[in-house]
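Okay, structure first, notes after.
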Amino acid sequence: MMTHRESNLKLRWAPILTAFLVLACGCLVGPNYKPPAPPQVTGYTPAMPHETSSTADVRGGEAQRFVSRQDIPGEWWTVFHSQPLNDLIARALKASPDIKAAQAALLVARENVLAQRGAYFPNASAGITADHSRTSNVVSPATASGALTYSLYTPQVNVSFVPDVFGLNRRTVESLAAQEQQARFALAATHITLSSNIVLAAIQEASLREQIATTRELINVNTEMLKILQEQFAKGYVSRLDVAAQESQLAQVEATLPGLLKQLAQQRDLLVVLSGGFPDTDLPENFSLSSLQLPQDLPVSLPSQLVEQRPDVRQAESNLHAASAQIGVAIANRLPSIALTADAGSMSLIFSHMFGPGTSFWDFAGGVTQTVFDGGTLLHKERAAKAAYVQASEQYRSTVITAFQNVADTLAAVQQDADGLKAATSARDAAAATLDLTKKQYQSGYVNYLSLLSAEQGYQQSVMGLVQAQVNRYSDTAALFQSLGGGWWNRNDIPPS
């Protein structure tokens, strides 16, 4: 049964508790964030391609089909069916300092959110002070006993609370939470960038190895041709001009080899660094075009899904959300601030009597602060926050447009690469046939050696052009996966929202 004293205490504290709850709930100033609507577009290009052309009897000549609404795997690079590539990327994702830095940035952002949420609750602290003093004879004694020399022991608890009346703290937490999401999408972007760079670097290494092998083969052919011409010159069958022309041709081919070897060495260094190592170590993986399989089914996400899949777009949206919350922060800073404080404790002259009868004390206080004049500082900060929101909104729109451009560019590139490979194959076959006929005519005496040399140069150029056309198909296929978001939402090593 409730005593009369308990009833009075409850009645005394009821208005205070009611006011506390009202102040704690408060209102929420500033705009409530609404995510931008997806762009009202139905496709990426005026005429959406369905399938590329194919080229028979050449590596990378398979037709590729564009499959609408097909999901992108988190490990999208496995579509090239290269175990060395899979191993290298798996090792890189564990060792890359860029990934670890992005993970740390996400942890920083998350802890900042949790730290700011602490302002939702009262701040309580406890302490004790011990003081030994003597009072002057000319003033009244500080103690009830009249003793001039005394010790004072004061244990107490201090509680302070700033009610979120106008939503200053809630808007601050909202802004920090949006920054946490921005850090999360930055981690996803780092994953995609790293994996894409490794795939492209591996394809480039395969291209360089193919070009080096072709160049060495051409050097052997031209060396043998030079030996034959030198023997014929010694017998008087050919002129010195023919020998000099072949020497020049061999020198030109040999001059291209050091540059290719330099590029290959630099490409290997790049792969080592991307995997988190130092260039003084070599990779166990080697890449060639024969070890890579061109994927035949290519996913194409719906335009409405692209803004949800691209990490850069999601980062821009998170920045927009944070800018929206900052408007509320700026408005709330111009409104009154209310602070509540309470203290309770005990004061005793004897340590063992600290919590004895009659030694307790308490106080409860509240205050309101309102900026009266600041030279327009808070007003202009609010205007700046609104301008920052407009800036973030336009940056978001620019990022979305660029994302759609990336997809459109890669779709066109994949389509044209297939046609380019077909043309490069035809050019190589035609150059080979021309070289074969020119050799026969030269042996029969119908053409001079310069005509044969011209046919050889045309064939060499067509072979290099075919290698580049093959590489383009692999590289732009990888670029398509990257432009569609890289399937980060299907990965377990990126924390959920």
Side-chain angles (χ1 to χ4, degrees), residues 52 54-64 75-93 194-221 253-254 256-275 277 279 281-298 413-414 417-418 420-425 427-429 431-432 459-482:
T52 69
S54 61
T55 304
D57 301 326
V58 64
R59 187 181 302 115
E62 300 86 355
Q64 292 179 303
E75 297 181 349
W76 60 269
W77 52 88
T78 58
V79 299
F80 291 98
H81 297 283
S82 172
Q83 191 58 45
L85 181 61
N86 299 343
D87 295 340
L88 179 59
I89 293 179
R91 193 165 65 250
L93 291 176
L194 178 62
S195 59
S196 299
N197 287 342
I198 292 177
V199 171
L200 294 175
I203 293 172
Q204 184 61 26
E205 178 187 327
S207 167
L208 290 168
R209 291 188 184 279
E210 194 80 15
Q211 293 179 59
I212 289 171
T214 301
T215 300
R216 284 174 171 162
E217 181 181 346
L218 294 174
I219 290 174
N220 292 335
V221 171
V253 177
E254 288 177 333
T256 63
L257 186 58
L260 294 173
L261 293 173
K262 180 188 73 172
Q263 293 180 50
L264 178 60
Q266 293 174 340
Q267 206 66 26
R268 296 289 294 177
D269 292 341
L270 174 61
L271 283 171
V272 172
V273 171
L274 288 174
S275 61
T281 58
D282 196 13
L283 292 174
E285 296 88 0
N286 289 314
F287 299 99
S288 62
L289 291 180
S290 60
S291 66
L292 300 172
Q293 181 178 327
L294 188 71
Q296 299 182 26
D297 291 332
L298 301 180
V414 170
D417 289 342
L421 180 61
K422 181 183 288 290
T425 303
R428 191 276 313 269
D429 294 342
Y459 175 72
Q460 293 169 9
Q461 293 174 358
S462 68
V463 170
M464 289 298 187
L466 178 60
V467 173
Q468 188 57 52
Q470 291 173 309
V471 171
N472 288 343
R473 294 210 72 184
Y474 289 97
S475 298
D476 288 327
T477 296
L480 178 61
F481 282 93
Q482 182 181 14

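Here the structure is a predicted model, which means the values were calculated and not measured.
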Could you report the tightest heavy-atom contact between [X] and [Y], atom names first, then the distance?
X    : Y    : answer
I89  : S195 : CD1-O, 4.1 Å
F287 : A202 : CB-O, 3.6 Å
S82  : L292 : CB-CD2, 3.7 Å
I198 : L271 : O-CD2, 3.9 Å
A206 : L289 : CB-N, 3.5 Å
A469 : A424 : CB-CB, 3.8 Å

Note, [X] side chain near [Y] side chain (heavy atom, < 4.5 Å):
X    : Y    : answer
L283 : R91  : yes
L294 : Y474 : yes
V58  : Q470 : yes
R473 : T52  : yes

Q. Counting only heavy atoms not in Q266, do more than 12 fall under 6.0 Å of its CD?
A. yes

(Q) Around atom CG of D57, are there more than 12 heavy atoms from other residues, nucleotides or ligands closer than 6.0 Å? (A) no

What distance separates [X] [atom1] from [Y] [atom2], expressed to the nearest 0.5 Å?
X    : Y    : atom1 : atom2 : result
I212 : L257 : CD1   : CG    : 6.5 Å
L260 : E210 : CG    : CD    : 12.0 Å
F80  : S291 : CZ    : OG    : 11.0 Å
L270 : Q263 : CG    : CD    : 12.5 Å
R209 : L261 : CZ    : CG    : 10.0 Å
S288 : R59  : OG    : CZ    : 7.0 Å

**Q.** Any donor-acceptor N/O pair, T256 side chain to V253 backbone, under 3.5 Å
**A.** yes

(Q) Between L85 and E285, does the side chain to side chain contact (heavy atoms under 4.5 Å, CB included) criterion hold? Intermediate values first, please. (A) CA-CA 8 Å; L85 181 61; E285 296 88 0; over 6 Å; no

Q: Go through L218 and V463 one step at a time and tell me if the side chain to side chain contact (heavy atoms under 4.5 Å, CB included) criterion holds.
A: CA-CA 10 Å; L218 294 174; V463 170; 5.6 Å; no

Q) So Q482 and V199, side chain to side chain contact (heavy atoms under 4.5 Å, CB included) or not? Walk me through it. A) CA-CA 11 Å; Q482 182 181 14; V199 171; over 6 Å; no

(Q) Could you tell me if Q211 and S207 have a donor-acceptor pair between their side chains, going purely by distance under 3.5 Å? (A) yes

